[in-house]
Amino acid sequence: MTITLSEKLPAYPTFVEGIRRAPDRGYRLTPAQTETALRNALRYIPQALHAELAPELMDELLTRGKIYGYRYRPPGDLKAKPIDQYRGNCIEGKAFQVMIDNNLCFDIALYPYELVTYGETGQVCQNWMQYRLIKQYLEALTQDQTLVIESGHPLGLFKSKPEAPRVIITNSMMVGMFDNQKDWEIAAQMGVANYGQMTAGGWMYIGPQGIVHGTFNTLLNAGRMKLGVPQDGNLNGHLFVSSGLGGMSGAQPKAAEIAGAAAIIAEVDESRIETRCRQGWVQHTTDNLEEAYRLAAEAMAERRPCSIAYHGNIVNLLEYALHHDIHIELLSDQTSCHAVYEGGYCPAGITFKERTALLKDDRETFAEMVNETLRRHYQVIKALVARGTYFFDYGNSFMKAIYDAGVTEISRNGVDEKDGFIWPSYVEDIMGPQLFDYGYGPFRWVCLSGKHEDLIKTDHAAMECIPKERRGQDMDNWIWIRDAEQNQLVVGTQARILYQDALGRMNIALRFNEMVRRGEVGPIMLGRDHHDVSGTDSPFRETANIKDGSNVMADMAVQCFAGNCARGMSLVALHNGGGVGIGKAVNGGFGMVCDGSERVDEILRSSMLWDVMGGVARRSWARNPNAMQTSAEFNETHADGYHITLPHLADDELIKEVLKDKRIKQL
C-alpha cells in the first residue's frame with residue numbers, strides 16, 4: 001500500500017465570491033526559515049511537480065503569510081455527506097471524513113479556504129496537501145490500525161487492534177521554553193504547527209450549537225445568582241450585552257433568546273452578522289447605537305426575548321451606555337482575545353477592512369491600537385461595574401489581554417496572573433461550582449446518516465435517560481433537550497449538544513449504541529467540547545475555580561487524553577492553546593463511533609465514566625465542595641472497581657493560629 005499525492009497536478013480552484021478569507025497576518029521568517037518552509041511544503045508533493053509548484057507555494061507564503069496549498073483544495077463546498085457515501089475499510093474511517101468535511105463546509109467554517117473552522121485561527125489541519133493525505137489514510141484505515149496526526153501532519157498508519165483508537169491527534173504541543181505566541185507563529189509559518197483551537201483540530205466542531213447550551217446555562221445561572229431569577233424562571237425583562245458573532249461567540253444571541261433575555265451583541269465583521277442572520281441565530285441588526293438600545297428596551301418592557309446584532313465596536317457600545325446612563329445587568333465579551341494581536345480583537349476607531357490591512361502591513365501599529373482599545377475597554381467596564389453591572393470574563397483570555405496591555409491593576413493579587421483577576425471568569429463564578437464540579441459538561445453527538453429523523457429519535461431517547469427530578473441541573477437539561485428541535489439549533493450536519501454528568505453521558509451513549517444495534521438509527525458519533533470537566537487545564541478558564549495552586553498544572557488534560565487512549569475511544573486529541581491562546585491552556589477531547597457492537601458498549605462503560613470523573617476527582621482534591629460531594633457519592637455507588645481519593649479538610653482557625661504564631665509575613 002502506497003499513500004501519496006498524485007503526480008497529476010490538480011486544476012487551480014475557483015474561489016466563491018462572498019466566502020470569508022483569512023487575513024494575511026504578515027510574513028516574518030528569516031531567509032533560512034523561508035527555505036525550510038518551502039522545503040517542508042514540497043515534501044508532500046511528488047518531485048515531478050516541484051518545479052511548477054514551488055513558485056506558487058512561495059507566492060502563498062509571501063502574500064498570505066502561510067502556505068495553504070490552495071491547488072489541492074477540492075472544488076466547491078465541502079458539505080458533509082451521509083456516512084455511506086464515503087469510501088473506507090472501517091466505519092470509523094468513514095465517520096471521521098464526515099466530521100472533517102462538516103468542519104470545513106461553507107456554513108460552518110470561519111475561513112473555509114484556509115481550513116479555519118472557528119476562533120480566528122483554529123484549523124482542521126495546516127494545508128490542503130495534509131487534508132488530501134488524511135482523507136486517503138482514512139479511506140485505507142482498518143480496525144487493526146491507528147492513524148497518527150501531529151499538528152495536521154498524517155504521520156502514518158500503525159498496526160494496533162480493534163480496541164485501540166483509530167486516530168490519535170496532537171496539535172502544537174510545544175516544548176516549554178518555546179511555548180509562546182511569537183515562536184508558535186514562526187513554527188506555523190514554517191508549516192510545523194497547527195492551532196487546533198479545541199474541536200477544530202479534533203474534528204468535532206458542530207457549529208455554534210456546540211457552545212449554545214453552555215452559554216444558555218451561563219446566562220441563566222448568572223441571572224439566578226445575581227438578578228434574583230427563580231429556579232423555574234427566565235431572563236425576561238433583563239439585558240445582556242457582549243461582543244462577537246463568530247464560530248463560538250455566535251451562540252450568544254440564540255442562547256440569550258432561549259433564556260428569555262434582551263441581548264445586544266457587537267460585531268465588527270459585517271459578514272459574520274449576515275451569516276448569523278441567515279442562520280436564524282440573531283433577530284435584528286443595526287449600526288445605530290440609539291436604535292440598538294431602543295430595541296432592547298422595548299423587548300425588556302414587553303418581557304420578550306430579543307437579540308440584536310450591533311455592527312460596530314463593543315467599546316463604543318459600552319461607552320454609549322455609560323454616557324446615557326443605560327443599566328447593563330449582565331455583561332461579557334467573546335472576542336477572540338487568544339489571538340488578540342492576530343486579528344481576534346479589532347481596535348476602536350477603525351473599520352474591519354482597515355484592521356485587515358494593518359494586520360498585513362503594520363503589525364506594530366496594530367498592536368499599539370489594540371492595547372489602547374483594551375485599556376479603554378477596561379475603563380468602561382470598570383465604570384459600569386461600579387454602577388451595578390455584573391461582568392464575567394467568558395474564557396476568551398480577555399482579562400489576560402488587558403493585563404498584557406499594561407493594566408496590571410486587573411490582577412487579583414496585584415503581582416501576577418496566577419490568582420486570576422478582579423472580575424470572575426464565568427467558570428470561576430458559574431460553570432465551575434454549578435456544573436463542572438458535579439460532572440455536568442458539553443456532551444454532543446452527530447447522526448452520521450445525515451437524517452433529521454435520526455436526530456429527533458436521539459433527542460427523545462436522551463430525554464428518557466435524564467433523571468429530571470434529581471437536581472435542578474437535570475431539569476434544566478431535560479427542558480433543553482425537550483425544546484431543542486423547536487429552537488432550531490442545527491447548523492451543518494445533524495448534531496446535538498446536551499450538558500450531562502458522568503452517568504448521564506454513559507447511559508445516553510449506551511442507549512444510542514443499542515438503537516444503532518437494533519437498526520432504529522444509523523451510526524452515531526459521540527464527542528464533547530474540550531471545554532469540559534476534565535478536558536482542559538487553563539487558569540483563565542476551565543480551572544479558574546481551582547484554588548489549591550494547581551490551576552497552572554496541565555496534568556488533568558494530559559491524563560484525560562491518555563486514559564481515553566487506553567480505554568479505546570475512536571479518536572483522541574490533545575492540543576495546546578484552545579480558546580485562550582498558546583501557552584495558556586492544554587486541552588483534549590474525543591470522538592466515539594457507536595456502531596451497535598458489544599465492543600463499543602464495553603468501551604463506553606469504561607471510558608465515559610473516566611472522561612468525566614477524572615476531572616471531578618481533581619476538582620474534589622482542590623477542595624471544591626460540590627466536587628467532594630459528587631466524588632464521595634461516586635465512591636459509594638461504584639465501589640466495585642473505582643475509588644477517588646478524598647481530601648481531609650484543615651480547620652480554618654487552626655491554620656490562622658499557626659500562621660499567626662509563626663509570624664508569616666506578606667511578601
Side-chain angles (χ1 to χ4, degrees), residues 16-21 76-81 98-99 101-113 116-120 122 197 199-200 204-216 219 240 242-259 261-287 292 295 299 305-311 334-336 352 442 444-447 450-452 455-456 459 480-481 483-498 529:
V16 177
E17 191 168 343
I19 299 298
R20 278 185 299 268
R21 302 293 302 279
D77 185 1
L78 302 181
K79 194 179 292 291
K81 303 183 288 290
V98 175
M99 302 306 299
D101 285 352
N102 191 57
N103 273 244
L104 291 173
C105 73
F106 290 160
D107 286 339
I108 294 286
L110 176 62
Y111 303 129
Y113 288 111
V116 174
T117 302
Y118 73 98
E120 194 61 35
Q197 249 289 351
T199 49
M204 274 303 302
Y205 187 67
I206 59 170
Q209 182 184 181
I211 197 65
V212 69
H213 193 182
T215 307
F216 166 82
L219 293 178
F240 168 61
S242 187
S243 61
L245 287 172
M248 303 300 279
S249 55
Q252 293 181 107
K254 173 71 82 170
E257 285 179 40
I258 297 172
I264 307 175
I265 313 297
E267 173 57 66
V268 293
D269 181 355
E270 190 171 18
S271 74
R272 302 187 199 195
I273 295 176
E274 292 170 353
T275 296
R276 296 301 166 226
C277 286
R278 185 179 71 252
Q279 294 171 343
W281 281 60
V282 68
Q283 294 175 345
H284 307 282
T285 67
T286 181
D287 58 5
L295 288 169
C306 178
S307 62
I308 303 134
Y310 166 65
H311 181 214
Q334 278 204 51
T335 49
S336 292
F352 186 72
R444 59 177 63 164
W445 63 91
V446 175
C447 295
K451 297 178 180 177
H452 188 65
L455 186 62
I456 300 301
D459 284 347
W480 173 268
I481 197 66
D483 297 341
E485 174 66 11
Q486 72 182 50
N487 287 325
Q488 298 181 17
L489 302 174
V490 173
V491 176
T493 196
Q494 300 298 315
R496 188 67 80 215
I497 184 77
L498 171 64
D529 195 343

Between [X] (side chain) and [Y] (backbone), is there a donor-acceptor pair under 3.5 Å?
{"X": "Asp77", "Y": "Phe106", "value": "yes"}
{"X": "Arg272", "Y": "Glu267", "value": "no"}
{"X": "Lys254", "Y": "Arg276", "value": "no"}
{"X": "Gln209", "Y": "Val491", "value": "no"}
{"X": "Arg444", "Y": "Ala495", "value": "no"}
{"X": "Gln486", "Y": "Asp483", "value": "no"}
{"X": "Gln334", "Y": "Ala251", "value": "no"}
{"X": "His311", "Y": "Ala266", "value": "no"}

- Verify whether one side chain among Ser307 and Glu257 offers a donor that lies under 3.5 Å from an acceptor in the other.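 Present: a donor and an acceptor within the cut-off.
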- Measure the acute angle between the ring planes of Trp480 and Phe216, then classify it against the limits of 30° and 60° as parallel, tilted or perpendicular.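 Answer is tilted, since the angle falls between 30° and 60°.
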- Message: For the CG atom of Asn103 and the OG1 atom of Thr199, what is their distance to the nearest 0.5 Å?
- Response: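 Reported value, rounded in 0.5 Å steps: 7.0 Å.
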- What is the distance from atom NZ of Lys81 to atom SG of Cys105, rounded to the nearest 0.5 Å?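 Rounded to the nearest 0.5 Å, the NZ-SG separation comes to 11.5 Å.
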- Sequence neighbours excluded, which residues qualify as side chain to side chain donor-acceptor pair (under 3.5 Å) partners of Asp459?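 Scan of Asp459 (side chain to side chain donor-acceptor pair (under 3.5 Å), adjacent residues dropped) gives Arg496.
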- Message: Testing Asp101, Asp107, Thr493 one by one against Lys79 for a side-chain hydrogen bond (donor to acceptor under 3.5 Å, both in side chains), which residue passes?
- Response: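 Output: one option passes, namely Asp107.
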- Among Glu120, Arg20, Arg21, find the residue that satisfies the side-chain hydrogen bond (donor to acceptor under 3.5 Å, both in side chains) test when tested with Tyr111.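 It is Glu120; the other options fail the test.
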- Task: Applying ring pair (Phe, Tyr, Trp, His ring centres under 6.0 Å), name anything that partners Tyr118, two or more places apart in sequence or on another chain.
- Result: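 Only Tyr205 meet the ring pair (Phe, Tyr, Trp, His ring centres under 6.0 Å) criterion with Tyr118.
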